Novice: 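I have a structure here, written as structure tokens, and I will follow up with some questions on it.
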Amino acid sequence: MLKENVDVLIIGAGPSGCVAAGYLHKNNASIKVVEKSKFPRFVIGESLIPRSMEHYEEAGLLDALLPKNFEKKFGARFIRGKEICLFDFSDKFTQGWDWTWQVPRADFDNTLAQEIVRKGVDVEFESEVLDVQFEGTTSKTIVKDKDGNLKEITAKFIIDSSGYGRVLPRILKLDAPSSIPENSSMFSHVKDINRPEGREGTLISFDILETKVWLWVIPFSDGNTSIGVVGPTSFINSLSKDNTEALKSVIKSSDFYRDRFEGVDFLFEPHKIENYSCSVTQLCGSGFTLTGNSSEFLDPVFSSGVCFATESGMLSAKLFLKELKGEKVDWDKEYTEYMRRGVNVFATYVKEWYTGNLQTLFFHRPENPDVKRKICAVLAGYVWDEENPFVKKHDNVIKNMAYILNNEKSAQ
């Protein structure tokens, strides 16, 4: 059996793995990336948020992404019947990036992966992790390549960026139930032949069909658009057993988008993902971290998935390098507690979205510009800024404001 020794083994070459690899490579760590799939490959999660742009820049990957001319995302639009709420990332409480992208993930992820390869990172595609054994913080990982050959990789540290593959949670039995309600989604792409000219044709939108059921529309710069529906698993499963007919029926129920997508064929059979929210009992351990969807996935409504992936990948890389230099790292505090703070903020927003409380704030008129700016900062991914009361007091601020607004409405 072939054997290798590296400082860091990264499992997965998605955004989290590539950000970690890019940063570690810049700082002269020896790394190996093992990726089960052949790139490019389809994956969902096509709407980014501004916070993640900082990670691509810091990892040295931004210059490879800019020439791809992905559709720029300057905010997000929420629709409820004839009501519209538009968030502009340039008008937010926390300083940071004012825009990001809407991306076909196959192309986006492949650009990241090929850039770290170009920089000299050892990436092994179509190779599967079979087993991991830890001796203290040192790990020995058995990997099988596409030809069936086995290899043992010894590493000082593992960053699990395996996404839905959830390699270490599976091997180490770290899976835990999510606190987010059981929702499912169904989605596909279309050639957007009826796309309006100008800004309207580029806007990412979330069309609320019922309080707990919503449609996403994500236009790409190549003329295609991603369309998906999210709702309680019971609702998704109550639709036609034919996924094409099921998704078409949901689109027809949208007053805003029915005409735009009527008669437009899907580019592939719609995918269905059931009960997608997940969690783990721990985010790190002796010699490893879990990043991105390998640890937590909340809900697609606020596009937080890739942001948490890149945030956790970058933080894993930085803390490992700190430890490699002989500095003390408190992983529970500096990694787990930090990541949990951000996850908990977004989890509150997801829960309050489905209770309807957050929708009450979005569509209340007249708008409160100060409240909107503070919520916009959260939607842009700045969920660690505790100067923002909508971050620091996330547990209560949304439900309390919704309660007041609903009482005022009832009294009128």
Side-chain angles (χ1 to χ4, degrees), residues 10-23 25 33 35-76 89 97-119 121 123 125-126 159 161-165 185 187-192 202-204 216-228 267-268 271 273 291-294 297 300 302-314 380-381:
I10 299 173
I11 306 172
S16 173
C18 285
V19 162
Y23 189 81
H25 183 73
V33 179
E35 167 58 53
K36 185 177 180 180
S37 300
K38 179 180 180 180
F39 276 34
R41 53 90 171 95
F42 176 83
V43 67
I44 200 64
E46 299 147 330
S47 169
L48 310 182
I49 54 179
R51 170 69 178 173
S52 63
M53 301 296 282
E54 300 175 15
H55 307 135
Y56 307 127
E57 186 173 34
E58 197 169 5
L61 302 175
L62 190 60
D63 287 346
L65 294 168
L66 290 169
K68 301 296 292 186
N69 293 318
F70 295 117
E71 191 68 61
K72 286 188 174 181
K73 174 183 172 183
F74 296 98
F89 291 143
W97 278 72
D98 291 341
W99 62 273
T100 183
W101 287 300
Q102 297 153 200
V103 297
R105 282 286 301 280
D107 191 13
F108 183 80
D109 288 15
N110 192 46
T111 300
L112 291 174
Q114 295 308 317
E115 177 63 7
I116 64 171
V117 169
R118 189 193 69 79
K119 289 176 178 292
V121 174
V123 183
F125 294 99
E126 298 181 84
I159 298 176
S161 300
S162 58
Y164 289 118
S185 65
F187 50 88
S188 187
H189 290 176
V190 299
K191 189 70 177 176
D192 200 351
T202 69
L203 280 175
I204 178 174
W216 81 60
V217 175
I218 307 175
F220 303 137
S221 59
D222 63 4
N224 295 339
T225 290
S226 174
I227 306 178
L267 295 177
F268 54 82
H271 294 249
I273 300 178
T291 72
N293 293 347
S294 66
F297 182 74
F302 301 126
S303 308
S304 62
V306 174
C307 179
F308 281 129
T310 56
E311 185 85 34
S312 53
M314 178 61 75

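Treat the numbers as computed from the prediction; the structure is a model and nothing was measured. Note that these values count all heavy atoms, side chains included, but never hydrogens, waters or copies made by symmetry.
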Novice: Atom CG of Asn293 and atom OG of Ser161: how far apart are they, to the nearest 0.5 Å?
Specialist: 10.5 Å
Novice: Less than 3.5 Å apart, any donor N or O on the side chain of Gln102 or Ser47 sitting next to an acceptor on the other?
Specialist: no
Novice: Just wondering, do Asp107 and Lys68 contact through their side chains at under 4.5 Å, heavy atoms?
Specialist: yes
Novice: Any side-chain heavy-atom pair from Lys36 and Glu126 closer than 4.5 angstrom?
Specialist: no
Novice: Do the non-hydrogen side-chain atoms of Asp192 and Phe220 ever get within less than 4.5 Å of each other?
Specialist: no
Novice: Could you tell me whether the side chain of Thr291 reaches within less than 4.5 Å of the side chain of Ile159, counting heavy atoms only?
Specialist: yes
Novice: Could you tell me whether Lys72 sits above the aromatic face of Trp99, with NZ or CZ closer than 6.0 angstrom to the six-membered ring centre and within 45 degrees of the axis?
Specialist: yes
Novice: When rounded to the nearest 0.5 angstrom, what is the spacing between CZ in Phe108 and CG in Leu65?
Specialist: 5.0 Å
Novice: Taking the six-membered ring for Trp and the single ring otherwise, decide whether the centroids of Phe39 and Phe125 are under 6.0 Å apart.
Specialist: yes
Novice: Using 0.5 Å steps for rounding, measure from the CD atom of Glu54 to the CD atom of Glu311.
Specialist: 8.0 Å
Novice: With rounding to the nearest 0.5 Å, note down the distance linking NE2 in His189 to CD1 in Ile44.
Specialist: 5.5 Å
Novice: Within a strict 4.5 Å, meaning less than it, do heavy atoms of the Leu61 and Cys18 side chains meet?
Specialist: yes
Novice: Are any of the side-chain heavy atoms of Phe70 and Pro104 separated by less than 4.5 Å?
Specialist: yes
Novice: Quick one: are Leu112 and Pro15 in side-chain contact, heavy atoms under 4.5 Å?
Specialist: yes
Novice: If I take atom CG from residue Asp109 and atom CZ from residue Arg41, how far apart are they, to the nearest 0.5 angstrom?
Specialist: 4.5 Å
Novice: Are Phe268 and Phe42 near enough that their ring centres are under 6.0 Å apart?
Specialist: yes
Novice: I need the Glu58 CD to Thr310 OG1 distance, nearest 0.5 Å.
Specialist: 11.0 Å
